[in-house]
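Counting from 1, the numbers follow the sequence of the chain as shown.
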Amino acid sequence: MKRTLLFLSFVLLFSSAFSQYHQNLRGVVLDRTTKITLPGANIAIIQGDESSGTTSNANGEFILEDVPIGRYEVVVSYMGYEPFQARNVELTSGKERVLNIELEEQVIAVDEIIVSARSNGETINKMAAISARSFSVRETERYAGSLGDPSRMASNFAGVITANDSRNDIIIRGNSPQGLLWRLEGITIPNPNHFGALGATGGPVSMLNNNLLTNSDFFTGAFPAEYGNALAGVFDLRMRNGNNQKHEFVGQMGFSGIEFGAEGPISRKNGSSYMVNYRYSVPGLMGKLGLNNAGTAIPEYQDLTFKLNLPTKNAGTFSLFGIAGDSQIEFDDTESEGTSYDTFAGTITKNGSRMGVAGLTHRFFPDEKSNFLSSLSSSYQGVNTSVDSVTLNRGNIIFFGEENSNINISASTKYTRRISSRN
């Protein structure tokens, strides 16, 4: 009997040992510094090629039930914290294993943060570093008071003002407006304004036609080397090419005058095109029709702008362009008894200005990484003023006449090569 009881006791103990073959592994995940529980931490146990895992609950607690007893590697990870790894974590049959895991906040070394202003648009000139911006033709139509004139549009930029509403001289950061350089299609041009004095850079009405211009650059400082004659600012204007597939025509009337334009293909096969635009002053036209109520001082001005784009198969692309303008105004004070701001009583004062530019450019690509850009241009600018009298004034007959002109011829060649994607 005693032997039977002993045998049964041995069987019960042996069965009990096998019933404890599995054990629970639980614990809590905390922040090492603040001791705050970390919910959502990933807990994994690894033994050989086998692994299992779970996540911590809202209180940072976790439990893995019915884990076979043995030795495990415990790995804990949590976003923003250094990973935790514990080797040889032993599970025994007699007691649950409870782990108190503390994670250290991760310090991430990153590159410095650079705060920069948002650019208004990448400049066309790749050598521009600062104090430069690109503007579109549409901006000359959206800015208040621009009247389709790039000069008046630029007066809305920071650091730029104009003298008054009667002229479009550009004053940049207090510099003289005579320090402004005008460029068109890469060549320097004279003052592109009607009634502009010789050597000046402004006038009441612009000869530039925004219907023919494309995106251009405006510089207020730090000029690239090619703008060596600029002291205050640079207007680097570009003309678009005409439509090389379809003939188009335009007619409109505005502050700059009544205008008519045409563009279209010269050869659809070669992609060559033409573009021409003519404007005449609205007051001058109304005066000729007898509808002007402005008195004797009727401003008459007109301008013509054109461009021919002629691509070739092997010889590169040729471009012929030009702009010309003429303006005249007459102040008749023969019936006046006093003097005005700029005229004398009993006199007729006539003032006029003329400007013309013609240029030929050629862009040639000797290979896929380089190109030559050559240009030949000629420009003319002249002003004339005359004061005549038909009566005596202060006992003397007043007569005065002045006429000045300037002709400039220039040629240039620029070679550009891409050495690498960086240079």
Side-chain angles (χ1 to χ4, degrees), residues 119 121-137 150 181-190 192 208-209 212-219 222-230 234-247 263-277 305-324 356-380 407-423:
S119 174
E122 185 180 359
T123 57
I124 298 173
N125 192 312
K126 300 303 181 183
M127 298 301 294
I130 58 174
S131 300
R133 62 156 294 167
S134 176
F135 67 93
S136 66
V137 177
L181 176 67
W182 285 98
R183 302 235 307 182
L184 180 66
E185 290 292 282
I187 66 173
T188 301
I189 64 174
L208 300 170
N209 193 318
L212 280 66
L213 297 177
T214 185
N215 292 0
S216 305
D217 288 341
F218 178 63
F219 297 80
F223 316 119
E226 62 181 287
Y227 307 122
N229 293 328
V234 176
F235 244 120
D236 194 356
L237 302 170
R238 304 288 174 174
M239 296 177 67
R240 64 181 180 87
N241 295 326
N243 191 327
N244 60 8
Q245 296 297 322
K246 180 181 178 181
H247 294 279
E263 63 178 287
I266 299 175
S267 171
R268 290 185 175 88
K269 180 179 179 180
N270 297 330
S272 58
S273 63
Y274 73 92
M275 184 170 56
V276 60
N277 189 284
T305 308
F306 71 92
K307 181 179 181 181
L308 305 178
N309 185 54
L310 306 170
T312 63
K313 185 176 181 179
N314 298 318
T317 301
F318 294 87
S319 179
L320 178 65
F321 62 93
I323 178 173
V357 175
L360 175 66
T361 62
H362 176 226
R363 186 180 294 275
F364 178 68
F365 299 88
D367 53 52
E368 296 180 352
K369 293 185 177 181
S370 62
N371 71 86
F372 286 94
L373 177 60
S374 303
S375 65
L376 176 65
S377 65
S378 177
S379 63
Y380 167 84
I407 298 176
N408 183 59
I409 299 175
S410 64
S412 67
T413 297
K414 180 169 66 174
Y415 175 71
T416 305
R417 182 173 182 83
R418 175 181 294 176
I419 300 174
S420 65
S421 59
R422 184 182 295 270
N423 301 300

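- Side chains of Ser379 and Ile189 form no contact here, defined as non-hydrogen atoms less than 4.5 Å apart.
- In this structure, Asn270 CG and Asn309 CG are separated by 11.0 Å, a value rounded to the nearest 0.5 Å.
- Counting all heavy atoms, side chain and backbone alike, Glu185 lies closest to Met239 at OE2-N, 2.7 Å.
- Nearest heavy-atom pair, Ser370 versus Tyr415, reported as atom, atom and distance to 0.1 Å: CB-OH, 3.4 Å.
- With contacts defined as side-chain heavy-atom distances shorter than 4.5 Å, the pair Lys246/Pro265 does not qualify.
- Classification of the Phe235-Phe218 ring pair by plane angle, with boundaries at 30° and 60°, yields tilted.
- Atom CG of residue Leu376 and atom CD1 of residue Ile409 lie 8.0 Å apart, to the nearest 0.5 angstrom.
- Rounding to the nearest 0.5 angstrom, the gap separating the CG atom in Asn371 from the OG1 atom in Thr416 is 5.0 Å.
- Aromatic ring pairs are classed by plane angle as parallel below 30°, tilted from 30° to 60° and perpendicular above 60°; the pair Phe318 and His362 is parallel.
- When all heavy atoms of Glu263 and Asn241 are compared, the pair lying nearest together is OE1-O, 4.5 Å.
- Panel note: side chain Ser273, backbone Gly242; a donor-acceptor pair is recorded below 3.5 Å.
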Item to complete: Let me see the working for Leu208 and Trp182 under side-chain contact (heavy atoms from CB on, under 4.5 Å), right down to the final yes or no.
Response: CA-CA 11 Å; Leu208 300 170; Trp182 285 98; 3.6 Å; yes

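- Judged by distance alone, with hydrogens and angles left aside, the side-chain atoms of Ser216 form a donor-acceptor pair with the main-chain N or O of Arg238 at under 3.5 Å.
- Between the CG atom of Asn209 and the CG atom of Asn277 there is a distance of 4.0 Å, given to the nearest 0.5 Å.
- With contacts defined as side-chain heavy-atom distances shorter than 4.5 Å, the pair Pro311/Ser272 qualifies.
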Worksheet item: Does the side-chain contact (heavy atoms from CB on, under 4.5 Å) test come out yes or no for Arg417 and Asp367, once each step is laid out?
Response: CA-CA 9 Å; Arg417 182 173 182 83; Asp367 53 52; 3.3 Å; yes

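- Residues Lys307 and Ser319 are in side-chain contact: their nearest non-hydrogen atoms beyond the backbone lie under 4.5 Å apart.
- Here the side chains of Leu184 and Ile323 are in contact, with some heavy-atom distance below 4.5 Å.
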Practice prompt. Start with the C-alpha distance between Ile187 and Phe321, add both sets of side-chain angles, then the distance that settles side-chain contact (heavy atoms from CB on, under 4.5 Å), and finish with yes or no.
Written response: CA-CA 11 Å; Ile187 66 173; Phe321 62 93; 3.6 Å; yes

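- For the pair Phe219 and Pro224, the minimum side-chain heavy-atom distance is below 4.5 Å.
- The shortest heavy-atom contact between Asn244 and Arg268 is O-CG, 3.8 Å.
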Practice prompt. Apply side-chain contact (heavy atoms from CB on, under 4.5 Å) to Leu320 and Leu310, showing your working.
Written response: CA-CA 8 Å; Leu320 178 65; Leu310 306 170; 5.6 Å; no

